[in-house]
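Accompanying notes for the structure given below.
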Amino acid sequence: MPVIWKNRYFWMLPFYVAGAVLAGVFDAARGQVGWQLPVLAVPVVFLLYRSYRIYMARVEDGRSHAEEMASLHLRTIEALALAIDAKDQTTHEHLERVQVYAMEVGKELGLSEIEMEALRAASLLHDIGKLAVPEHIISKPGRLTPEEFEKMKIHPVVGAEILERVRFPYPVVPIVRAHHEKWDGSGYPDGRWGEDIPIGARILSAVDCLDALASDRQYRKAMPLDQAIGVVVQEAGRAFDPRVVEVLARRYVELEQMAKARKVEPLKLSTDIKIEAGLAPAAGFEGSDKSPASKAVAILDQPDFLSKIAAARHEAQALFELAQNLGSSLSLDETLSVLSVRLKRLVPFDSMAVYIRRENMLHPEFVSGDNFRLFSALEIPVGQGLSGWVAENSKPILNGNPSVEPGYLNDPSKFSTLRSALAVPLQGVNGVIGVLALYSIERDSFTKDHLRILLVVSSKLSLAIENALRYRQAETSATTDYLTGLPNARSLFLHLDSEIARCKRSGIPVSLLVCDLDNFKQINDQYGHLEGNKALKVVASALKANCREYDYVARMGGDEFVVVLPGLDAGSVVQRTDHLRKMVLEEARLQTGLELSVSIGSATYPHEGTDAEDLLSSADRVMYKMKAASPERLRSQKKWALWQQSTQGTPTIH
């Protein structure tokens, strides 16, 4: 009551005193000089009264204007709070609850009317700076990375910058800027501590934490209110003002009931409706002549907080498009090509390399930009150089030196114009599958924001690369022999049909050789299957190495190989057959120590067959005739008999 009298009626006291004095003077004048003088004073009194009424009307107008301004500020606050709700749909109820808690704690701590109004506004607007934080960070269903947390920490500063433009008649901005400061000085953005933190910010910090713990979040479920207040009490004197925590601990049940009683249906924005009118924007659709440079200039002309909001929106949209494109193809080359184009919109670079790990080496799978040939020729051991260190330690490198990559270190004939590198590991299901490296000609050109973006991209890219590699392996396995790496029987028939069709058109002959190892089963039985597999690899390598580049060597299965020789007639086949048999024998003796021999049968299109099956059958018959007459086969059979006899030993007589 005294406050109401002081604010609303005390200013009228001088008028009442003046009126009383005037009435006394009028009565004294009537008694001394008669009634004429008082009558003459009536116009004077009327003028005074009229002046008083005019003055009161102006006072009333001023009060109405003040109330309208206060209402305008309230509507501004509600509109800004709605903007926060449009960014994060989980925030509106949180803001309402925080306001109820904060105002009640402020009353109990005896805040002034101005401090209470500032706290009322700040409780609704403290998270408005999150408009400048990308949506994928705000809505992340898990813990933030250090880089993402660095981006999140800008929201108190941006929020304060936004609210400075509103020019509230009470100190809202200091509260919003400091609402993440901690009592012990370990908070952000300014590291303030103790009572140096505004009292409104201290209240808001504790209340905000309590409500966050007791509410559902993307990364965890809500705690029971009793457990949440326990966490806040434990942080008293460290994160929070002990006086604020004491009030909350004593009244949290009552405050929760008040918040529930005040709960109203939040105003929802029309974000999910479809607008039928409007054929195209004035500037046209994507692909118009508005360049990225002009967009950048437009952003630079805006206030700082607006440019941050625009940048966050652009980043979120670019990451969304990139994520969609990375998962749209099973071709590794296509996936990495799309990555190169899309990623450059988010992180400027002069060169990009994606290294794939194969055993203990990093091989360049995709390279674009400056020094293309240099990076394409690299094979980096895991643990060496910049990318090798990233692969071994599963940690990123920011603004490293590209010149430490093996392959041109200390080689004056090979040098790079690039001066800084940003490299991140590509984590697969079973560990690091590769490294994504960006290079720039400028020193220290990459920022922590660039690193944060690359870490976000790397998880999606790793999955896309693994899927593409599995698809490539499956595709290769369908046409390649797993042991020797040669084409398999399926691939052979497709190739042979293609060669025969070409011969029909051109009239050029094609010859075919069927090669079979002599007594290969005995080698497996005597030396084991591992040695037998080694022998097959040696034979495959020898056949491949002693054929022309355009000849085709395939493994039919078991110990049987086929060589397709385009352009070779029947007269030249004998010489080629003898050469191959001799080279296989020498390579086998040199690399395995075994006396391997091979029987070879040949057939030529169109004399010995008109299709693939006829040619193979003809060559197979010739090969078995050669095998039956082979002296190496007879010697091998004798050696096999002696080996069997020695392994049986002398029979025991009972």
Going by side-chain hydrogen bond (donor to acceptor under 3.5 Å, both in side chains), name the residues that satisfy it together with [X], two or more places apart in sequence or in a different chain.
| X | answer |
| --- | --- |
| His450 | Thr447 |
| Glu587 | Gln591 |
| Lys153 | Glu150 |
| Asp370 | none |

[X] with [Y]: basic N within carboxylate O range, under 4.0 Å:
| X | Y | answer |
| --- | --- | --- |
| Asp578 | Lys582 | no |
| Lys537 | Asp481 | no |
| Glu379 | Arg358 | no |

Quick check: do [X] and [Y] have side-chain heavy atoms less than 4.5 Å from each other?
| X | Y | value |
| --- | --- | --- |
| Tyr552 | Glu499 | no |
| Val563 | Lys544 | no |
| Leu615 | Asp611 | no |

Closest contact, heavy atoms only, [X] versus [Y]:
| X | Y | result |
| --- | --- | --- |
| Glu392 | Gly383 | OE1-CA, 3.4 Å |
| Pro509 | Thr604 | CB-CG2, 4.3 Å |
| Leu386 | Ala421 | CD1-CB, 3.8 Å |
| Arg419 | Pro402 | C-CD, 3.7 Å |

Which pairs of donor and acceptor atoms, one on a side chain in residues 433-442, lie under 3.5 Å apart (sequence neighbours left out)?
{"residue": "Tyr439", "atom": "OH", "partner": "Tyr355", "partner atom": "OH", "Å": "3.1"}
{"residue": "Tyr439", "atom": "OH", "partner": "Glu405", "partner atom": "OE2", "Å": "3.2"}
{"residue": "Ser440", "atom": "OG", "partner": "Asp350", "partner atom": "OD2", "Å": "3.4"}
{"residue": "Ser440", "atom": "OG", "partner": "Glu442", "partner atom": "N", "Å": "3.2"}
{"residue": "Ser440", "atom": "OG", "partner": "Ser445", "partner atom": "OG", "Å": "3.0"}

_Partners passing side chain to side chain contact (heavy atoms under 4.5 Å, CB included) against Asn360 (at least two apart in sequence or in another chain)_ =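 Asn360 satisfies side chain to side chain contact (heavy atoms under 4.5 Å, CB included) with Arg357 only.
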*To the nearest 0.5 angstrom, please state how far the CZ atom of Arg502 sits from the CD1 atom of Ile508.*
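Rounded to the nearest 0.5 Å, the CZ-CD1 separation comes out at 5.5 Å.
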